Structure formats: structure tokens, C-alpha cells
Amino acid sequence: MDFREIEKKWQKIWEEEGRYKAVDFSEKPKYYILVEFPYPSGVGLHVGHTPNQIAMDIIARKKRAEGYNVLYPIGWDAFGLPTENYAIKHEISPVVATEKNIANFKRQIKSLGISFDWSREINTTDENYYKWTQWIFLQFYKKGLAYKATANINWCPKCKIGLSNEESEGGVCERCGTPTIQKPKTQWMLKMSAYAEKLLQGLEETHYWENIKSMQRNWIGKSVGTNMHCKLDTGDDFDIFTTCIETVYGITYFVFAPEHPLVAKLKDKITNYDEVLKYIEKTQRKSEFERTQLLKEKSGCQLKGISAINPINGQKVPVFISDYVIASYGSGAVMAVPAHDERDYDFAKLFNLPMIEVISGGDIKNKAFEKADYLGKGCKLINSDKFSGLTVEEAKDALNSYLEEHGLGGKVATYKMRDWVFSRQRYWGEPVPLVYCEKCGWVPVPDDQLPVTLPKVEKYHPTDDGESPLSRIDEWVNTTCPHCGGKAKRETDVMPNWAGSSWYWLRYMDPNNDKEFANFDKMKYWGKVDLYNGGGEHVTRHLLYARFWHRFLYDNGLVPYSEPFDRRIQQGLILAADGSKMSKSAGNTVDPMLYVEKYGADVSRLGQMFMGDYVETKPWKEDTMKPCEKLLKRIVALKDKLQDVQSDENKFILAQSIKKVGEDIEELKFNTAVSQIMVLTSALEKAKVVTNEDYKVLLKLINPFAPHISEEMWTQCNFEGRIDENWPKYNEADLKVNSVEIAVQVNSKIVARIDIDPTQSQEEILASVKTDEKIKPYIEGKTIVKEIYVPNRLVNIIAK
RNA sequence: GCUGGUGUGGCGGAAUGGCAGACGCACAGGACUUAAAAUCCUGAGGUGGCAACACCGUGUGGGUUCGACUCCCACCACCAGCACCA
């Protein structure tokens with residue numbers, strides 16, 4: 001039997017029938033399964049794609065059989081650097097490269113027999129798609145959530161090119177290995193920070209895995225503390241943020257981020273401004289890598305000529321700048337309490353600054369006595385004026401109240417999550433749909449002129465001044481102002497490749513709508529994505545971006561639900577056979593399509609599911625293919641044993657298998673579901689009689705895993721209807737057996753195994769155990785203190 | 001450093017607090033075969049023993065329990081994410 005031929009035949013039939021089309025507004029209950037849409041790269045489908053598409057296909061097929069109207073769509077996340085670089089290298093247009101790659105991906109996915117609804121296929125680089133990406137961006141702009149600001153980009157000084165974080169991993173340029181530096185550049189930003197609290201709270205409405213929620217919380221990084229208004233002796237105001245207001249009397253200096261606006265503003269008053277400038281330049285030259293990974297050694301520079309006043313006691317203290325203070329977090333300035341903060345401690349040691357101990361119970365000779373050391377231990381304040389003697393916890397409240405009463409600040413929350421740098425100086429992305437007019441400023445492109453399409457050009461190489469390649473195309477850049485009709489220039493930055501994936505699940509609900517991004521009623525019908533499967537690498541960024549866009553749309557009445565995804569799950573990372581990470585450079589990548597060619601789609605599907613726990617990181621093993629091939633052959637061979645008779649010889653194993661396979665699929669335990677099918681197959685092979693009904697159940701159970709061969713066998717047997725019209729059911733009663741072997745323990749040690757009738761009462765069973773010849777000797781002459789019976793498992797007799 | 005996760009045979013991996021190692025891989029023996037492949041049957045955690053059997057076994061050390069891979073405490077190792085976040 002040639003599996004490949006059968007597979008082709010059924011794939012053709014399914015396609016012609018439109019068998020897996022999702023129906024808008026169907027009476028059936030809906031179920032929306034989403035896999036992250038792939039990036040159609042030149043290398044084709046890889047092991048990061050196939051197990052999750054297969055796994056979700058299994059769920060989709062089971063849900064359909066159970067009577068659900070399943071939406072299981074697919075599309076292409078095709079904008080972005082890899083394609084652009086590939087196109088540059090091969091001197092072809094990224095449009096052509098994308099088309100080619102998509103065609104290849106599509107062929108590969110189809111050969112696996114994944115039941116996607118291809119009528120809803122989307123492509124982020126399609127003008128009809130990115131029209132709406134641009135439209136949504138403009139909604140952000142119109143609500144004041146998109147703004148221009150100077151932000152640093154990763155810059156390779158040798159290649160003279162801006163790099164993404166991915167291209168400058170480890171702080172070096174991916175192409176030439178030169179350390180990258182931070183270069184300021186005016187960019188579009190999305191005010192994601194305004195949604196920090198909503199994104200945090202929204203997690204409560206979802207059913208993501210706890211670790212995924214935890215990563216998101218971590219990324220959002222909420223921290224509750226105190227904002228305090230401070231003054232310099234020049235009269236200038238600044239704010240600091242602290243989570244340890246109880247140490248406010250321990251301030252011996254303040255530290256600003258080098259980028260803090262007051263530094264430049266006060267250049268005339270700072271007597272050593274030359275030195276300050278030098279320090280600022282030095283920190284700017286530092287790469288992200290040096291700043292974060294390398295040395296946590298402190299450095300800094302005093303702002304001589306000015307000092308700051310501790311608002312709590314009026315004390316004058318020096319002011320420094322240092323790169324250990326991050327401009328974008330809190331207010332970009334900190335109060336320094338070296339006695340109670342490790343970083344301040346190191347800094348104070350370096351500059352020989354005084355320390356004031358304000359929390360009792362520590363020893364600051366060699367290190368700071370930090371909050372981790374003193375919180376919750378009943379430590380009390382000292383050297384803190386009227387707050388001395390309070391416990392740390394009391395002091396926090398008292399000081400916050402004091403600051404509030406005196407207009408000096410109060411309790412606030414701060415978030416690590418930054419605004420989203422939404423510009424890329426590249427070609428292959430969605431153009432930012434704004435026009436700059438000398439008279440009117442930034443003007444949105446009117447809806448009826450969307451999309452702003454990418455010009456079809458020969459040259460789209462990155463420029464050496466860091467500007468977008470689009471800026472070189474005068475006939476595209478020069479336009480008229482939609483507002484006043486005068487001369488204007490288009491924005492030449494494009495959106496990051498995260499943009500298209502920030503709303504794609506909505507488009508699947510209504511992929512061909514040319515009036516709106518998706519019809520509201522359709523979105524209402526399909527609701528939240530019930531199950532969203534993706535890679536661990538997207539748990540923070542993509543998932544947050546997606547939730548951010550969705551929540552924004554919800555707040556503006558454009559989508560019916562506040563959260564896009566109900567459940568988010570993650571497949572395990574697939575490693576090379578030796579347990580190392582797969583990578584192109586190590587040359588140990590596996591092409592899953594080879595296994596489709598070698599064994600066929602069904603075997604390959606089963607093999608990948610049988611490799612291990614779906615959610616755990618695990619090595620790719622070809623070893624699982626053979627036994628799965630064997631399994632299918634055995635199932636095919638069973639057909640010859642069928643008898644058109646009635647028999648309930650197999651009712652127990654069938655009921656058990658229906659229960660186990662069904663539950664395992666729901667719980668993503670595909671590997672044990674496959675084992676159970678193996679167990680069932682063995683049992684039927686050994687059975688005296690296998691009826692048509694028995695075989696039907698077996699075929700239905702394996703159908704989601706091996707859809708082609710199971711449907712083929714169904715047809716060959718001339719069974720009525722279609723194999724996936726329903727999902728098999730079992731009777732609880734069939735799970736009961738009239739004899740079961742249990743273990744008998746005396747004093748928790750197994751002494752015998754005996755058969756019992758499980759329908760008997762506990763008393764009856766215990767009585768028969770105690771009179772059993774094998775057990776008697778162990779309890780004779782002893783006093784029984786306790787008897788434990790675990791139904792169908794064991795009896796434990798405690799005897800002294 | 002912080003957060004989350006994972007530690008079970010030679011290997012991948014199973015086990016609502018209840019007979020650890022299901023199901024497989026690799027291995028060994030056997031059947032079929034001129035032979036091989038394929039297929040089928042049998043065996044197997046470790047140590048000791050001809051054997052019945054005994055003892056030891058789920059990263060380490062404690063604890064709870066009649067009973068712990070499973071729950072609690074401490075620690076170790078590895079993986080992932082974050083990281084000078086005030």
C-alpha cells in the first residue's frame with residue numbers, strides 16, 4: 001500500500017470539497033484555533049513549524065468531529081529583514097522572493113494534510129491587508145498614541161547601517177562582527193506604556209499558562225513605590241522614583257541619567273561641563289552589550305557647581321550623572337542611599353561619598369543593608385528624625401502620607417515596559433501613512449487614499465546615513481498635503497515586522513472585507529481565539545504587541561472583546577538528536593519535509609507527535625517514525641480480520657481508549673494518545689473477534705493523527721457516512737470489569753497480588769484479603785490497627 | 001542576581017498521594033529465510049543468586065503520611081526569559 005498515493009488522493013478530495021471551511025454565523029458552537037503564521041523564509045518549513053501545525057490540526061479535526069464549527073486558518077507574516085536581505089543577496093525583488101517562498105511553504109503544508117481553511121489565507125504584504133495595518137496605525141495617531149521622538153537605534157559604525165536587535169545580538173553586527181553603538185534617530189513611537197496597567201490587568205481574564213502570564217508580568221514590570229519632587233539649588237525641579245522611601249533620610253547624593261534633560265539645561269551652571277560632556281559621550285559610545293552584559297562596574301561624573309536638596313530634611317547633597325541610571329525608567333533620576341542599596345554603595349565607594357545608616361539591624365562595613373535583607377523582619381528606622389523608631393513598613397506609609405500632605409509627591413506605580421519604537425529605516429515593511437507638510441505639520445493620509453503602497457523600485461538597499469531607502473525615491477516622497485494641498489513629503493520610515501502580526505487573527509474572521517478591517521458581527525461570532533499556539537520566543541514581545549493593539553481597538557469600540565486570546569500554549573523546542581540546539585551554523589538542522597517524502601504525511605505526523613511530551617523541549621528522533629509506520633501497517637492489516645458480527649469482547653479496551661485518546665488530545669498529551677492507539681491495536685490483533693464497529697472506533701480515534709489512511713480504510717470497508725462525522729463515545733459501564741488484580745500490602749510492603757471483584761464492597765474485599773492463603777501468614781498473631789482499600793489498586797493492612 | 005520550568009533505565013518518555021519504568025527505540029535470544037531485509041514471538045531497572053527470592057532504586061538532604069516520582073522545607077545541576085528597573 002502506497003501511503004503517498006493515498007495521501008495525494010485524499011488531499012485532492014478535501015480541497016475539492018472545501019471540507020475544512022469555517023462557516024460564518026453557523027448554528028454550531030464555534031472553536032477558533034490559531035497557530036502563529038509562519039515567516040515564509042527561503043529555507044522552507046522547518047521543525048519549528050510542523051509539530052505545532054500538526055498538533056493543532058489534531059485538535060481541529062477532533063473538534064470538527066465533535067460538532068464544532070472550527071476556524072483553523074493560516075497566512076503569511078512576510079514583511080521584514082530576512083526576506084529583504086535574501087532579496088538583496090539574490091538580486092531579486094522582495095515581492096518575488098515572498099511569492100516564491102509562500103508557494104513553497106504552501107506546497108509543504110498541504111503535503112502534510114493540515115486542515116487549514118485556505119479560503120481565509122492572508123498575507124501581511126498584500127496591499128489589501130496592509131491597508132488596514134496602516135489604518136489601525138492611524139487610529140493610534142489620531143488618539144495621540146503615535147508620536148515622534150528621538151530613540152536610539154543599534155548602529156554598525158563599519159557597515160553604516162541601522163540594525164534590529166536580532167541583527168545585533170550580543171552587541172555585535174551580524175554581518176561584520178563590529179561592536180554596535182547606540183545612535184539617536186527620530187522615530188515613530190507607539191505609546192504602549194499608557195496601556196501597561198490594562199495589559200497587566202487583562203491577563204486575569206485569560207487562561208494562559210501561568211508561566212506565560214508570569215513572563216508577561218515580568219516584562220510589564222510593575223513596581224509600586226514613591227515619586228518624590230525634589231529641587232536643585234538652582235531652583236530647578238526634578239522627580240525621583242524609589243521603592244524604598246523609608247531610606248529617604250539616608251540620601252547622601254542624587255544621580256541623574258546622562259540623558260537627563262536638566263544636564264543640558266544647566267550647562268552654564270555646571271562648572272565642569274567639559275568633563276560632563278566627555279562622560280556623556282563615553283556612555284553613548286558604549287554598546288547596549290557593554291552597558292548591560294559586560295561590566296556592572298560603576299562610573300560617573302559629578303555635576304560640579306550645583307547641588308540638590310533632600311526635600312525631607314532640606315539637606316544639600318551633590319549630584320552626579322551615571323549610566324547606571326536609566327533615562328527611560330521612572331523619572332531618569334534616583335536618590336542615592338549607599339547604606340541601603342548595593343548599586344549606590346558601589347558608587348559611593350568609588351567616589352568616596354558618605355553613608356548614613358537609617359535602618360537598624362545591618363552591618364554596612366562590607367556591603368549595603370538592602371531591602372531584601374530588612375523587609376518583613378521588623379527592622380526599625382534610625383537617624384530619621386520623627387520617623388525614627390517606626391518599623392520599615394510603618395515608615396513607608398507614614399512617609400508617603402507626609403509627602404502627600406506637603407505636596408512633595410506620593411505613592412505611584414512605575415512600569416519597565418517602554419513605548420514601542422515603531423519605525424524602521426528599511427524598504428520591506430508597511431510605509432507609515434503620514435505626510436509632512438511645512439504648513440500643517442504631520443498629516444495622516446486620508447482613509448480613501450490607503451494603502452500607501454511601496455514603490456516598485458530597483459534599489460532598496462539600506463542607505464549609509466541611516467535613512468530609509470524610501471527617502472531616495474523623490475517621486476514617491478514628494479506629494480501633496482491632504483490638508484492644504486500644498487507641497488509635502490511622505491514619511492519614509494516603514495513599520496517594524498511586528499506590525500502585521502499585531503492584528504492578523506481578526507482578519508481571518510473576515511479576510512476579504514474591503515470596507516473595514518473586519519466586520520463587527522463576524523468578530524462577535526468568532527469571539528476570542530480559543531486556543532493560540534506559538535513559540536516561546538513570542539511570549540513577550542509579539543503577545544504583548546498583539547494584546548496592546550487589540551485592547552486599543554476595544555477601547556475605541558472597534559472589536560467586541562477586550563482580550564484577543566483565551567488560551568495561549570506553547571510547543572516545546574525541538575533540539576537536534578544529540579540534545580544540542582539546532583542551528584544553521586552548527587549544521588544540525590532537520591528538514592521535516594524529508595520525513596514526509598520518506599514515510600508519508602500520516603507516519604510523519606504520528607512520528608512527530610510520538611516523540612515526546614508536546615510542551616517539553618525535546619530532541620528530534622527519527623526513531624519514532626518506524627514504529628508509527630508499523631502501527632499504520634498493522635491497522636491496515638486488521639481489516640482482513642473483520643467480521644460482520646456482534647461481539648462485545650473488546651468493549652472494555654475500546655471504552656478505555658476512547659476515553660484516554662479523547663482526554664489526551666484535550667490535554668495536549670499527543671504522545672500518550674498515540675501509545676493508547678498502539679495498545680488498542682495490539683489488543684484487537686490478539687482478540688478472537690474484531691467487529692466492524694470495533695474497527696470503526698479505531699479508525700475514528702486515529703483519524704486526527706493519520707487522516708489520510710484512516711479515511712482510506714473507512715472507504716475501503718464501505719462503511720456508511722464519513723469517518724469524521726462524529727467522535728466516538730463510550731459508556732461508563734463498559735469501563736467496569738468483573739475482575740481486577742490488586743496489590744496487597746502488609747505494613748506498606750507488597751506481599752501478594754490477588755484478583756478481586758471490584759463491584760464488591762470494601763468490607764467484602766478486606767475480608768477476602770484477610771482470609772487469603774497467601775496473605776494469612778503475614779498477619780497471623782498480629783493486631784490489625786488499620787486497613788486501607790484503594791479501589792482497583794491496593795489493600796494495605798497495618799498489623800502489629 | 002530575579003522569574004518560570006525541568007531532573008525517572010543505555011535512550012525518548014509513562015504514572016488523579018496507591019503495584020515506578022506504560023508505549024516505543026536500541027539491545028539479546030528465538031521463529032520464518034539459502035541468506036539478508038521485512039515480519040512475528042520471547043527477555044530485560046540495578047546488584048546478588050542456578051532459582052524461588054532478597055536488597056537497592058525517580059538529582060541531593062531532611063520532613064509530612066499506612067504509603068511520596070507526586071505534597072512541604074533546604075540544597076545541587078541544567079534549560080528558558082529578564083537583568084545596574086532605583
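All values reported here derive from a predicted model rather than from experimental measurement. A, B, ... follow the sequence lines: proteins, then strands. Residue 1 opens every chain.
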If you check every side-chain atom of A:P627, which of B:rC82, B:rC66, B:rC25 has the closest atom?
B:rC25
Taking the P atom of each, how far is B:rU70 from B:rU64, in whole Å?
15 Å
Does the A:S214 side chain pair with the main chain of A:E210, one donor and one acceptor, at a distance under 3.5 Å?
no
State whether the distance check finds a donor on one side and an acceptor on the other, under 3.5 Å, for side chain A:K621 versus base B:rC25.
no
Nearest-neighbour nucleotide for the A:I326 side chain, B:rG81, B:rC84, B:rG18 considered:
B:rC84
Closest to the A:D323 side chain: B:rG4, B:rC84, B:rC23?
B:rC84
Look at the rings of A:Y532 and A:F565 and say which category their plane angle falls in: under 30° parallel, 30 to 60° tilted, over 60° perpendicular.
tilted
Quick one: stems involving RNA chain B, counted as three or more successive Watson-Crick or G-U pairs, both distances short of 3.5 Å.
B:1-7 with B:76-82, B:10-12 with B:23-25, B:27-31 with B:39-43, B:45-48 with B:53-56, B:59-63 with B:71-75
Is B:rG9 syn or is it anti, if syn means the base angle is within 90 degrees of 0?
syn
Between the side chain of A:N588 and the main-chain N/O of A:K581, is any donor-acceptor distance below 3.5 Å?
yes
Both conditions, 6.0 Å and 45 degrees, for the charged tip of A:K298 above the ring of A:Y324: are they met here?
yes
Given B:rG18, B:rC25, B:rA86, identify the nucleotide with an atom nearest to the side chain of A:V790.
B:rG18
Counting only distance, no hydrogens or angles, is the base of B:rC19 paired donor-acceptor with the side chain of A:R793 under 3.5 Å?
no
Look at atom OH of A:Y778 and say whether more than 12 heavy atoms of other residues, nucleotides or ligands are closer to it than 6.0 Å.
no
Would you mind telling me which of B:rG13, B:rC66, B:rC25 lies closest to the side-chain atoms of A:S748?
B:rC66
Please name all residues satisfying ring pair (Phe, Tyr, Trp, His ring centres under 6.0 Å) with A:Y595, sequence neighbours left out, ordered by chain then number.
A:W620
Please determine, for the side chain of A:I750, which listed nucleotide (B:rU6, B:rC55, B:rC19) has the closest atom?
B:rC19
The reported gap from CE in A:M335 to CZ in A:F254 (rounded to nearest 0.5 angstrom) is 8.0 Å
Ignoring hydrogens and angles, tell me if any N or O in the side chain of A:R605 forms a donor-acceptor pair with the backbone of A:P704 under 3.5 Å.
yes
Has the side chain of A:N796 got a donor or acceptor that lies under 3.5 Å from a partner of the other kind on the base of B:rC66?
yes
Nearest of B:rC25, B:rU3, B:rA86 to any side-chain atom of A:T243?
B:rA86
Identify which nucleotide among B:rC55, B:rC25, B:rG13 has an atom closest to any side-chain atom of A:K618, counting heavy atoms from C-beta outward.
B:rG13
Please verify the inter-ring angle class for A:F369 with A:Y374; under 30° counts as parallel, over 60° as perpendicular, anything in between as tilted.
tilted
Does anything in residues 659-673 of chain A reach RNA chain B, meaning a heavy atom under 4.0 Å, and if so which residues?
A:K669, A:N671, A:T672
Take atom C1' in B:rG5 and the same atom in B:rC85, then report the distance between them in whole Å.
24 Å
Measure from the side-chain heavy atoms of A:L794 and tell me the nearest of B:rG81, B:rC23, B:rG18.
B:rG18
